Amino acid sequence: TSNWQRTRIEERPVFIDIASCQENLFAAVSMEGQVWTSDATAENWTKHELGDGIVPQAVTCDSQGTIWVVGNFTSILSSSDAGKNWKNHSLDEDIILSTVQFVSENKGFITGEFGTVLITEDGGVTWEFADPIPKEFYPLASVFKDENNGWVVGLDGKVYSTRDGARTWQLEETETDAPLFGVTIVGD
């Protein structure tokens, strides 16, 4: 499209993930350990510090409009007021969490290094470890179609899928050994 427009942010953060939320809100995480929020224009960004030592890796919003951020040392943070205040749900394990997604009001998935899978069934109040993805797989991206069906992708062209809500994972055949940095659902 020819309608792209660049917005410069004075501090020049290095954004690594972005989410489009309800209420015309964008949320992005930066390598500098910050969450940035903007209205639907994506022209006016506000910086929110996450705290010492937190290095965010991914951001999403749930169906209630709460922003969720995951990162190093099993950091799990949520904000229900567009980033002004943060609730810490971290598990204090030496694991980098790399993806987060809610598939319903109550059900969410987080994946990370060493094949880590975390599941919530209460809207993020608690997170429980599930059985890991085989071979300590490190997901670079994930997508869940619903509470049962999901895919994770990563290095060496590897794709793992689950059909039972992340209880078991199957290696999918691909024709590449190139790293896969993203995955999305198109149609069915």
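Only heavy atoms go into these numbers, but all of them, side chains included; no hydrogens, no water, no symmetry mates. Source: prediction; values computed, not measured. When a residue number appears, it is its place in the shown sequence, counting from 1.
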Grouping I, L, V, M, F, W and Y whenever their side-chain heavy atoms are under 4.5 Å apart, do [X] and [Y] come out in a common cluster?
X: L91; Y: W68; answer: yes
X: I185; Y: V183; answer: yes
X: F137; Y: V117; answer: yes
X: L155; Y: V153; answer: no
X: M31; Y: L50; answer: yes

Which heavy atom of [X] sits nearest a heavy atom of [Y], and at what distance?
X: F26; Y: D39; value: CD1-O, 3.4 Å
X: R163; Y: S161; value: NH1-CB, 4.2 Å
X: A166; Y: A130; value: O-CB, 4.2 Å
X: P139; Y: G112; value: CD-O, 3.2 Å

Minimum side-chain heavy-atom gap [X]-[Y] below 4.5 Å:
X: V152; Y: W169; value: yes
X: Y138; Y: S98; value: yes
X: I67; Y: W86; value: yes
X: S63; Y: F102; value: no
X: I95; Y: E113; value: yes
X: E128; Y: E121; value: no
X: L77; Y: V35; value: no
X: F144; Y: T162; value: yes

[X] and [Y]: side chain donor to acceptor below 3.5 Å:
X: T99; Y: T111; value: yes
X: T60; Y: D62; value: no
X: T66; Y: Q64; value: no
X: D122; Y: T120; value: yes
X: S79; Y: D81; value: yes

Between [atom1] of [X] and [atom2] of [Y], what distance do you get to the nearest 0.5 Å?
X: S78; Y: K87; atom1: OG; atom2: NZ; value: 6.5 Å
X: Y160; Y: T168; atom1: OH; atom2: OG1; value: 12.5 Å
X: W151; Y: S142; atom1: CH2; atom2: OG; value: 11.5 Å
X: S75; Y: N88; atom1: OG; atom2: CG; value: 7.0 Å
X: L140; Y: Q57; atom1: CG; atom2: CD; value: 10.0 Å
X: F129; Y: I119; atom1: CZ; atom2: CD1; value: 11.5 Å

If you apply the rule side-chain contact (heavy atoms from CB on, under 4.5 Å), what do you find for T37 with W45, and how did you get there?
CA-CA 5 Å; T37 57; W45 291 87; 5.6 Å; no
Enumerate donor-acceptor pairs with a distance under 3.5 Å from any side-chain N or O in residues 6-21 to protein atoms, sequence neighbours excluded.
residue, atom, partner, partner atom, Å
E11, OE1, K47, NZ, 3.0
E11, OE2, K47, NZ, 3.2
D17, OD2, V59, N, 2.9

For the side chain of [X] and the backbone of [Y], is there at least one donor-acceptor N/O pair under 3.5 Å apart?
X: S38; Y: N44; value: yes
X: D156; Y: K158; value: no
X: T176; Y: G157; value: no

Run through L118, V100, V103 and flag the one making a side chain to side chain contact (heavy atoms under 4.5 Å, CB included) with F109.
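It is V103; the other options fail the test.
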Please test L97 against T74 for side-chain contact (heavy atoms from CB on, under 4.5 Å), starting from the C-alpha separation and ending with a verdict.
CA-CA 6 Å; L97 301 177; T74 57; 4.0 Å; yes
